[in-house]
Each structure stands twice: as structure tokens, then as C-alpha cells.
Novice: 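This is the structure I want to talk about, given as C-alpha cells.
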Amino acid sequence: MKDLIATSIKYQQGALHILDQHQLPHREQWLVCDSTEVMIAMIKKLQIRGAPLIGIGASVLLAHLAEQGASTASLRTDAERLRAARPTAVNLMNCLDRMLASLDSHGTATLAHCAEQLFNEDVELCNRIATEGAALIEDGANILTHCNTGSLATAGVGTAIGVIGAAKQQGKQLHVWVDETRPLLQGGRLTTWEMDQLDVPHTLVCDNMAALLMAQGKVDMILVGADRIAANGDFANKVGTYSLAVIAHYHQVPFYVVAPYTSVDANCPNGRAIPIEQRNPAEVQGVSGSFGEVNWAPDNTPVYNPAFDVTPAKLISGWILDTGVYRPEQIAAGVLTTL
Ligand code: MRU
């Protein structure tokens, strides 16, 4: 397979390296991923994360294993195990489906080409999304974003953060409110890091400050990513996205979801049909990362920890995809089933 280089994934000289996102921003450590077991553990620990990137990472690993001589039968089993590692993000399923279709039609030798295509396509999709979305951003805008949707989460410039980066490159003055994104702090740890890299002025806030900011008129628009967009426009994204949409609706702040077509699941009729991953109670009882580990709740405290929530289409102002910006009337007319 050819070398493939992105911000947090590298395939170089026949080895797959992953930037350990669990340790960012204080420690930049690259880890070798050479087996399905390691990739599954990395996905579960969010060392590799972001809906598009986990699909690409899993595909590059399968292609690597094929080059190492893995059989068709074992690659098939590996694909099914990888698929189960993060059930909500449909990009993982879409990428693995494409890899398996390539395996079925042309055998193991074509997997490298298929993984390269998926990687390069994601870079291109991010660029198109950035162009489509940047046109909506007004000079002087205050944008609020949740979780992390940038170059750490994709093979390219990202989705919502890609739009912000492109608007900045166009010379627009921007300020970004970064939701810290409990329980795993992707906003506080990763989006702040990316905003620094992009030289975008930003301010970190706790998730529960968004209502106050909107009431004070300090947010002009909200841009978030997606892990799965259903055919009717409902979408799943990092838990906390739905409450932002409700608050934005109340305060009449435009709320946009930003994603590539690979995050659309045309076979999923609506948000109720999106599977939601439940995660370890320890993530809510405390927090861990490169800063160490702390637990503040008693060990036996009952916890509810869904990784994602679903935002209904009726709360969304626009869907910024690689093929254009879609308005509610177009979504209601079924445009997502024709992409
Ligand atoms: O659990 P994570 O950190 O992988 O969740 C990420 C998100 O919710 C992102 O918004 C989504 O995957 C899109 S990333 C371009």
C-alpha cells in the first residue's frame, strides 16, 4: 500500500501508526497498530476517533493485514469484529462494506487500492464540505461547536472545523466557543488544540454554559458533526448535541450539521432507529487522560452513559454536506435518499 499521511493516522513504510488521541493535547505519542485486537482496543478507548477516521483506520488496517498474507476468511471475521467496535458511526460500516465488496469481487490484492481510495476520498470530501460551509459564515461570526470534528477526526481538514478553517483562510474574522464536551472532553482537549493550530480565536466553555451564551446573544451559529444521519435528516452526534439544538431553537440561533455523504444512512428511516453506544460508567464517575486520572463519585454510583444523542430534523437549519447545503424542505422531500 502507498504511504498515507494525515494528522492522526500514518501508513508509512508498511506500518500503521495512530496518534494517541487519549493523551492529547499534552502528549503527542504515535502508537503502532498491527492487529485487529489493537485497532478494536484503540477505537474503544478513543485513541482513534471521529466517525470518518475510524472507518478509514479500520480499512487501512484490513488492507495491511491482507498484504501480510491474511486469508479472505480471516479478513471477513476481522471486518465483523471491527464493525462492532463503535456501533453508532455509520462511516465505519460504509467503509467496511466497501472493503468487503472489493474483497468479494477482486480478492485480497485489491484491498490496498480500496483503502487508498477511501482515504483520498475522505480528504476530498472534507475539502468540498469546507467550501460549501465557508460560504455561509459571515465575517465577525461567533460560532459554537461541540466535540471534535477537525483533522484529528478525519483524513482531511475535518467537517465542522474544516468549515471554520476555510472561512478563516478566506480572511473572515471569527471567534469560536468550544464546548468542553463531557464526559471525554474532546472539545477541551482536542478542539482547543486544533483551534490553536488553525490560529482561530476561541474560548473554552463548559457544556452547561451554552444556554447563557445564546441568551446573551453571543452565538451567531452552531456547527456540529455527525456520526449517522438518518434518511429523514435526524442525526446522531456526541451526547450534548441535542440539548444545543433545543437551546438554539428557543433562541433562534441557526444550527447546522456538517458531514460527508459517508455519514448518511439512507437505510435508516429516522433517529429512533440509530443504535446508540453505551459506555463505561467510569467515564462519568471521573475523568482520565494525559493529565492523570481522577474519580469523584463513589465507585458503586449508578451511571447512564450514552456516547451519542439524536437531534431531530425539525431543530436543524441546514445540512452542510460535500454535495451542498440542504434546507429542511429538501430534506423533507427525501434528498438524503438520492445522494
Ligand atoms: O466519540 P467521538 O469523539 O468519536 O465522537 C465524535 C463526534 O461525535 C463527531 O462529531 C463525529 O464523529 C464527526 S467527526 C468529523
Side-chain angles (χ1 to χ4, degrees), residues 6-9 18-24 39 42-58 85-95 122-123 125-130 133 144-165 178-194 207 222-229 235-245 255-265 274-280 283-284 289 305-311 319-322:
T7 300
S8 64
I9 183 172
I18 307 289
L19 178 62
D20 182 358
Q21 296 197 37
H22 187 71
Q23 298 197 58
L24 287 177
M39 178 57 83
M42 283 182 166
I43 291 174
K44 287 188 186 266
K45 203 174 165 195
L46 271 63
Q47 290 172 302
I48 178 170
R49 51 154 295 284
L53 194 71
I54 52 177
I56 305 291
R86 287 217 88 182
T88 304
V90 77
N91 309 62
L92 178 61
M93 322 310 162
N94 285 337
C95 283
D122 193 55
V123 173
L125 291 172
C126 288
N127 289 338
R128 285 198 226 140
I129 291 167
L144 188 145
T145 192
H146 191 66
C147 199
N148 172 264
T149 59
S151 64
L152 290 168
T154 64
V157 294
T159 58
I161 290 183
V163 169
I164 291 167
V178 180
D179 253 6
E180 69 173 352
T181 317
R182 271 288 288 152
L184 296 179
L185 305 173
Q186 290 93 328
R189 296 184 301 109
L190 308 177
T191 297
T192 47
W193 187 82
E194 291 212 43
D207 302 339
I222 297 177
L223 298 177
V224 294
D227 281 74
R228 188 184 298 235
I229 304 178
F235 76 102
N237 191 48
K238 181 52 53 192
V239 68
T241 302
Y242 172 45
S243 44
L244 281 179
F255 178 95
Y256 291 93
V257 55
V258 191
Y261 83 92
T262 48
S263 303
V264 175
D265 183 356
I274 301 177
I276 301 293
E277 178 187 356
Q278 297 291 324
R279 292 185 59 86
N280 189 335
E283 293 175 353
V284 178
N305 187 14
F308 303 96
D309 58 24
V310 172
T311 299
W319 289 250
I320 303 174
L321 305 187
D322 48 284

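Read the numbers this way: they start at 1 and go in the same order the structure lists the ligands and their atoms.
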Novice: Between D265 and R228, is the closest basic N to carboxylate O distance under 4.0 Å?
Specialist: yes
Novice: Examine ligand 1 and decide if any of its atoms is less than 4.0 Å from a heavy atom belonging to C147.
Specialist: yes
Novice: Between D227 and T88, is there a donor-acceptor pair closer than 3.5 Å when you use the side chain of the first and the backbone of the second?
Specialist: no
Novice: Got a second to check how far I48's CD1 is from M42's CE, nearest 0.5 Å?
Specialist: 8.0 Å
Novice: Is there at least one pair of N or O atoms, one from R49 and one from ligand 1, spaced under 3.5 Å apart?
Specialist: yes
Novice: If you round to the nearest 0.5 Å, how far is CG of D20 from CG of L46?
Specialist: 10.5 Å
Novice: Please report which non-hydrogen protein atom sits nearest to atom 10 (O) of ligand 1, along with the residue it belongs to and the distance in Å to one decimal place.
Specialist: N237 OD1, 2.6 Å
Novice: Could you check atom 15 (C) of ligand 1 against the protein and tell me its nearest heavy-atom contact, residue, atom and distance included?
Specialist: T159 OG1, 3.4 Å
Novice: Among N91, T154, N94, which one satisfies side chain to side chain contact (heavy atoms under 4.5 Å, CB included) with P260?
Specialist: N91
Novice: Give me the nearest non-hydrogen protein atom to atom 14 (S) of ligand 1 as residue plus atom name, then the distance to 0.1 Å.
Specialist: A153 CB, 3.6 Å
Novice: Can you tell which of G156, S263, A226 gets a heavy atom nearest to atom 13 (C) of ligand 1?
Specialist: A226
Novice: Does F308, backbone or side chain, put an N or O under 3.5 Å from an N or O of ligand 1?
Specialist: no
Novice: Okay, side chain of H146, backbone of V239: is any donor-acceptor separation there less than 3.5 Å?
Specialist: yes
Novice: Give me the residue, atom name and distance of the protein heavy atom closest to atom 11 (C) of ligand 1.
Specialist: D227 OD1, 3.1 Å
Novice: Check contact between G158 and ligand 1, using heavy atoms of the residue and a distance below 4.0 angstrom.
Specialist: no
Novice: Compare every heavy atom of M39 with every heavy atom of A58, then report the nearest pair and how far apart it is.
Specialist: N-CE, 4.1 Å
Novice: Using distance alone, decide if ligand 1 has a nitrogen or oxygen within less than 3.5 Å of any nitrogen or oxygen in T149.
Specialist: no
Novice: Under 3.5 Å, is there a donor-acceptor pair between the R49 and N148 side chains?
Specialist: yes
Novice: Hey, does the side chain of D179 reach the backbone of T181 with a donor-acceptor pair shorter than 3.5 angstrom?
Specialist: no
Novice: Nearest non-hydrogen contact with atom 4 (O) of ligand 1 belongs to which option: R86, K238, Q186?
Specialist: R86
Novice: Would you kindly specify which portion of A51 sits under 4.0 Å from ligand 1, judged on non-hydrogen atoms: side chain, backbone, both or neither?
Specialist: both
Novice: Which is it for L46 and ligand 1 at heavy atoms under 4.0 Å: side chain, backbone, both or neither?
Specialist: side chain
